[in-house]
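Take a look at the structure below.
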Amino acid sequence: MTGKKLSANFYQRADVVQISKDLLGKVLCTNFKGQPLASGIITETEAYCGRSDKACHANNGLRTKRTEVMYQAGGAAYVYLCYGIHHLFNVVTNVKDKADAILIRSIKPLDGADTILSRRQTDNLSPKVTAGPGRLTKALDITTNHTGIDLTADTIWIEDRKIGYRAEQIASSPRIGVDYAGEDAKRPWRFYVKESEWVST
DNA sequence: CATTTGATGTTCT
DNA sequence: GAACATCAAATGC
């Protein structure tokens with residue numbers, strides 16, 4: 001039940017692609033004040049690199065109010081509102097002033113499944129509940145209010161419960177929904193668990 | 001089944 | 001004013 005919380009030096013490594021793969025099989029937990037703990041196994045991620053990736057909001061050193069948090073040292077949360085409706089949860093990685101981030105696209109519910117179901121207004125536990133970046137944030141009640149918070153603190157964090165996947169269970173593909181990024185859209189920086197149904201389509 | 005479309009709000013031009 | 005790291009419901013086979 002208890003896992004080992006990932007520490008800042010996990011997030012502050014330089015290779016965002018490697019960290020994306022390492023996150024598969026880790027457990028994303030939320031413990032908001034007055035609410036039951038909810039968690040899920042990470043089954044799908046995407047890497048974004050701020051220095052040479054047009055798909056990243058902080059591409060080419062672009063520094064705005066929205067992307068500022070990505071320039072923090074690794075271990076912070078970056079929550080972005082997409083299409084006016086969906087909150088997308090990202091993990092900031094690398095050291096200060098290197099704007100890398102990892103989008104968490106999908107999880108498999110672990111603790112607090114009933115809480116997750118009530119937030120999603122359904123009683124049918126299927127991949128539709130938490131598979132997809134906009135869905136998992138709703139399931140865990142993550143909003144843009146949480147952007148910039150410390151993932152080594154006790155509100156939102158990621159822990160290692162030794163679930164880890166083997167290399168041959170992990171597949172990669174181009175990222176989803178970033179066709180506007182030209183050549184960079186083809187980078188195989190989406191990683192997911194092959195055998196799992198808990199991934200977005 | 002597959003494909004289309006409307007909802008919705010923040011950011012940047 | 002356009003674009004956008006999406007989802008779910010509605011339509012057309």
Side-chain angles (χ1 to χ4, degrees), chain A residues 11 16-21 23-24 28 38 40 42-72 74 76-94 98-109 116-149 151 156 158 171-193 197-201:
Chain A
Y11 302 109
V16 65
V17 171
Q18 182 62 49
I19 301 172
S20 299
K21 287 188 272 193
L23 281 176
L24 294 173
L28 175 65
I42 297 172
T43 53
E44 184 177 354
T45 61
E46 282 182 11
Y48 287 82
C49 174
R51 292 171 301 294
S52 59
D53 176 13
K54 285 202 274 297
C56 181
H57 293 153
N59 170 52
N60 203 22
L62 181 67
R63 194 160 189 152
T64 68
K65 199 166 189 176
R66 182 178 66 170
T67 61
E68 186 66 30
V69 64
M70 279 206 268
Y71 290 88
Q72 291 187 20
Y78 170 47
V79 185
Y80 164 67
L81 186 61
C82 180
Y83 295 101
I85 306 174
H86 304 292
H87 304 271
L88 273 51
F89 176 73
N90 302 250
V91 176
V92 176
T93 70
N94 214 326
K98 306 256 179 160
D100 291 355
I102 298 167
L103 170 66
I104 308 298
R105 292 192 58 86
S106 182
I107 64 171
K108 173 180 178 173
I116 288 171
L117 288 174
S118 85
R119 284 175 184 150
R120 299 280 289 125
Q121 304 199 319
T122 176
D123 55 4
N124 180 21
L125 189 63
S126 76
K128 277 198 304 201
V129 178
T130 56
R135 292 168 177 168
L136 80 89
T137 54
K138 182 154 193 196
L140 296 181
D141 207 18
I142 295 171
T143 71
T144 51
N145 290 334
H146 302 298
T147 206
I149 73 163
L151 294 176
I156 303 175
I158 299 173
S172 62
S173 78
R175 290 168 296 180
I176 292 180
V178 292
D179 295 341
Y180 63 90
E183 285 299 304
D184 287 331
K186 298 176 184 155
R187 292 168 185 259
W189 282 359
R190 169 177 177 248
F191 302 99
Y192 59 98
V193 181
E197 305 199 8
W198 297 86
V199 299
S200 62
T201 47

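Note that these values count all heavy atoms, side chains included, but never hydrogens, waters or copies made by symmetry. Labels below follow one simple rule: chain letters A, B, ... track the order of the sequence lines, proteins then strands, and each chain is numbered from 1.
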task: Output yes when at least one side-chain N/O atom of Tyr83(A) is less than 4.0 Å from OP1 or OP2 of dT8(B), else no.
output: no
task: Considering non-hydrogen atoms only, spot the tightest contact between Ile107(A) and Thr130(A) and give its length.
output: O-OG1, 2.7 Å
- line: With Asp141(A) as partner, the option from Arg119(A), His146(A), His87(A) fulfilling side-chain contact (heavy atoms from CB on, under 4.5 Å) is Arg119(A)
- prompt: Tell me: CG of Asn60(A) to P of dC12(B), nearest whole Å?
  reply: 15 Å
- prompt: With stacking defined as ring centroids separated by under 5.5 Å and planes differing by under 30°, is Tyr48(A) stacked against dA5(C)?
  reply: yes
- prompt: Whole-Å distance between dT11(B) C1' and Asn59(A) CG?
  reply: 16 Å
- prompt: With both distances under 3.5 angstrom, what nucleotide forms a Watson-Crick or G-U wobble pair with dC12(B)?
  reply: dG1(C)
- prompt: Tell me: CG of Leu136(A) to C1' of dT6(C), nearest whole Å?
  reply: 12 Å
task: Decide yes or no for Arg63(A) and Glu68(A): does some side-chain heavy atom of the first lie under 4.5 Å from some side-chain heavy atom of the second?
output: yes
- prompt: Could you state the NE2-P distance from His87(A) to dT10(B), rounded to the nearest angstrom?
  reply: 10 Å
- prompt: Leu103(A) has an atom CG; how far is it from atom P of dA5(C), in whole Å?
  reply: 10 Å
query: Taking OP1 and OP2 of dT6(C), is either one under 4.0 Å from a side-chain nitrogen or oxygen of Ser200(A)?
result: no
field: Length of the CD-C1' vector between Glu68(A) and dT11(B), whole Å
entry: 15 Å
field: Stepwise side chain to side chain contact (heavy atoms under 4.5 Å, CB included) check, Tyr48(A) with Met70(A)
entry: CA-CA 10 Å; Tyr48(A) 287 82; Met70(A) 279 206 268; 6.0 Å; no
message: Less than 4.0 angstrom between a side-chain N/O of Tyr180(A) and OP1 or OP2 of dA5(C), yes or no?
response: yes
field: Rounded interatomic separation in angstrom, taking CG from Leu62(A) and P from dC12(B)
entry: 7 Å
query: Are side-chain heavy atoms of Arg51(A) and Asn94(A) found at a separation under 4.5 Å?
result: yes
- prompt: Can a side chain N or O of His57(A) be found less than 4.0 Å away from OP1 or OP2 on dA5(C)?
  reply: yes
- request: Answer whether the closest heavy-atom distance between the side chains of Thr43(A) and Arg105(A) falls below 4.5 Å.
  value: no
- prompt: Base, sugar-phosphate, or nothing for Thr144(A), non-hydrogen atoms under 4.0 angstrom?
  reply: nothing
- prompt: Under 3.5 Å, is there a donor-acceptor pair between the side chain of Arg187(A) and the main chain of Ala47(A)?
  reply: no
task: Would you mind reading off the distance between Ile85(A) atom CD1 and dC4(C) atom C1', rounded to a whole angstrom?
output: 12 Å
- line: Testing dC7(C), dT11(B), dA5(C) for proximity to the side chain of His86(A), the answer is dC7(C)
message: What contact category does Leu81(A) fall into here, base, sugar-phosphate, or nothing, at under 4.0 angstrom with non-hydrogen atoms?
response: sugar-phosphate
task: Indicate for each nucleotide in nucleotides 8-13 of chain C, in 5' to 3' sequence, whether protein heavy atoms under 4.0 Å reach the base (B), only the sugar-phosphate (S), or nothing (-).
output: S-----
